[in-house]
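Structure, as structure tokens:
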Amino acid sequence: MTKDVVATYYFRPRSDTTPEAAALAIAEEETTGTWTEITTTTEYVRRLDGEVLSLEPSGNGYVTRLCYPAEIFEAGNVPQYLSVVAGNLFGLARLDAVRLLDVEFPETLVPFAGPKFGMEGIRRLIGTTDRPHVGTIIKPKVGLNPKDTAEVAYKAAIGGVDLIKDDETLTDQTFCPMDERLQAVMAKLDEAKSETGQEVLYAVNISARADDIVERAEHAIDLGANMVMIDVITCGFTALQALAEAPSVTVPVHVHRTMHGAITRNPEHGIAMRPIARIVRMLGGDQLHTGTVSGKMSHDVGELRGDNAALTDPYHGLKPTFPVASGGLHPGKVAAELKNLGTNIVLQAGGGIHGHPDGTEAGARAMRQAADAFMAGVSAEEYAKDHRELARALERWGNR
Ligand SMILES: O=C(O)[C@@](O)(COP(=O)(O)O)[C@H](O)[C@H](O)COP(=O)(O)O
Ligand SMILES: [Mg+2]
């Protein structure tokens, strides 16, 4: 394990720039340098210079690993970390494209507690050991009033989901005020639990201004919330940190990444999901959306597996964060997701549950049946022979 920070970038230099000069330009820009020699530097500053550790061709460009001395980082200050590893470099004209692929932080720069619950803690709350969790997003995204939202939640819970969440755009709007919605949903989940005996988590979206978010979480918990959700990119990483580090926030934090595509999607320029996954785990995200292998959002299976490993592999003694596969999933896609990503995953479906021909409860049952089929080593088609809800889903959407 290095004692400094090592950042890995893909880049494509401008035609008049050698790859060596381009890699050095990043190392200088993000540490002690600028575009020209300066008269003000001193010998003792040199120890803080960035260094090019490796440089090799990759696709249309190059991959380089840069070393940033740990001393230039303020321990515990993630906005400052990002200003170095993901700062001005993206604007350097000498680079036609540059993408931060991954970043390794030394122990000294991970003074964070990480997830309070993490994957294991959430499994304990639900009472599972190895099966995938099934979740749903209330659909339509926005528009339902609190009473109807709670009714949809009740049907999903009776159908067997482990998690219900608000959509990323739903917070405390007048058509569905958070207080009313939360209390109505929790009351219906209690009703469902009295029928099924099954605990279900409801991730109420508390995304708000950074100096208000902890108070909003505390208020939600006072009203009975058993999980909260944050849009981490739009709220900011430190809003997640404030939530996760607040002793008063005693429930798991579900992390949505809406807006990430503007940063992560271009394979040549921006920030890959891996560094974001590491930071969310460090800052205490208990669950995090990372993508699917077969859903509606663009995806790279190799990258995705690595991103999920960054959430679940041993890392500075932090609890694993539960990866969430979501976006265009339905029961016919469950086997492909589990085959590629393993069963330590939350499979989430909105349209794939509420769009079931027989409604939400049947949609939830079909998702659970698809997961049960996989755990039993049986194909979805075979399992559907005596599981009607799954059969109806496969009829509607097929098995891929
Ligand atoms: O609004 C949506 O699209 C979803 O609620 C999925 O709904 P469906 O199940 O109806 O598609 C999620 O926000 C996406 O999964 C986010 O993408 P990602 O998980 O990639 O961050
Ligand atoms: Mg959504």
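Just follow the structure's listing: the first ligand is 1, and inside any ligand the first atom is 1.
Judged purely by atom type and a 3.5 angstrom limit, Q369 has no side-chain atom pairing as donor or acceptor with the backbone of R388. A donor-acceptor pair under 3.5 Å links the side-chain atoms of R368 to the main chain of G160, judged by distance alone.
Of the N or O atoms in G327, one or more lie within a sub-3.5 Å distance of an N or O in ligand 1.
Of all atoms in ligand 1, numbered sequentially from 1 with element shown, those under 4.0 Å from a heavy atom of G350 are 8 (P), 9 (O), 10 (O). When each atom of ligand 1 is checked for a heavy atom of G351 under 4.0 Å away, the hits are 8 (P), 9 (O), 10 (O). Of all the atoms in ligand 1, the ones that sit under 4.0 Å from a non-hydrogen atom of K141 are 1 (O), 2 (C). In summary, the atoms of ligand 1 found under 4.0 Å from a heavy atom of G328, numbered by their order in the structure, are 8 (P), 9 (O), 11 (O). When each atom of ligand 1 is checked for a heavy atom of A349 under 4.0 Å away, the hits are 9 (O). Near R257, the atoms of ligand 1 lying under 4.0 angstrom from a non-hydrogen atom of the residue are 18 (P), 20 (O), 21 (O). For ligand 1, the atoms closer than 4.0 angstrom to any heavy atom of K296 are 2 (C), 3 (O), 7 (O), 8 (P), 11 (O). Listed by atom number, the atoms of ligand 1 under 4.0 Å from H289 heavy atoms are 18 (P), 19 (O), 21 (O).
The Mg ion (ligand 2) lies closest to atom OE1 when only the N/O/S atoms of E168 are considered. Taking the Mg ion (ligand 2) as reference, the nearest N/O/S atom within D167 carries the name OD1.
Using cut-offs of 30° and 60° for the angle between ring planes, the H256 and H289 rings count as tilted.
When heavy-atom distances to ligand 1 are checked against a 4.0 Å cut-off, T258 has no atom that comes that close, whether in backbone or side chain.
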| said: Determine whether E151 and K188 satisfy the following criterion, salt bridge (Lys or Arg N to Asp or Glu O under 4.0 Å), listing intermediate values before the conclusion. | reply: CA-CA 7 Å; E151 198 49 46; K188 289 303 272 185; 3.6 Å; yes
| said: Set out, in order, the CA-CA distance, both residues' side-chain angles and the distance that settles salt bridge (Lys or Arg N to Asp or Glu O under 4.0 Å) for D167 and K139, then state yes or no. | reply: CA-CA 8 Å; D167 227 320; K139 301 283 176 180; 2.7 Å; yes
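Under the 4.5 Å side-chain criterion, counting only non-hydrogen atoms from C-beta, F237 is in contact with V280.
Heavy-atom neighbours of E195 CD from other residues, nucleotides or ligands within 6.0 Å: above the threshold of 12.
Taking a cutoff of 4.0 Å between a charged side-chain nitrogen and a carboxylate oxygen, D96 and R14 do not qualify as a salt bridge. Note on E43 versus R46: no salt bridge recorded, every NZ/NE/NH1/NH2 to OD/OE distance being 4.0 Å or above.
Atom CG of L311 sits about 11.5 Å away from atom CG of N344, to the nearest 0.5 Å.
Among all non-hydrogen protein atoms, the one lying nearest atom 17 (O) of ligand 1 is M297 CE, 3.5 Å. If you check which protein heavy atom lies closest to atom 12 (C) of ligand 1, you get H256 NE2, 3.7 Å. Nearest non-hydrogen protein atom to atom 15 (O) of ligand 1 is S326 OG, 2.7 Å.
Distances from atom 2 (C) of ligand 1 to the heavy atoms of H354, K139, H330 put K139 nearest.
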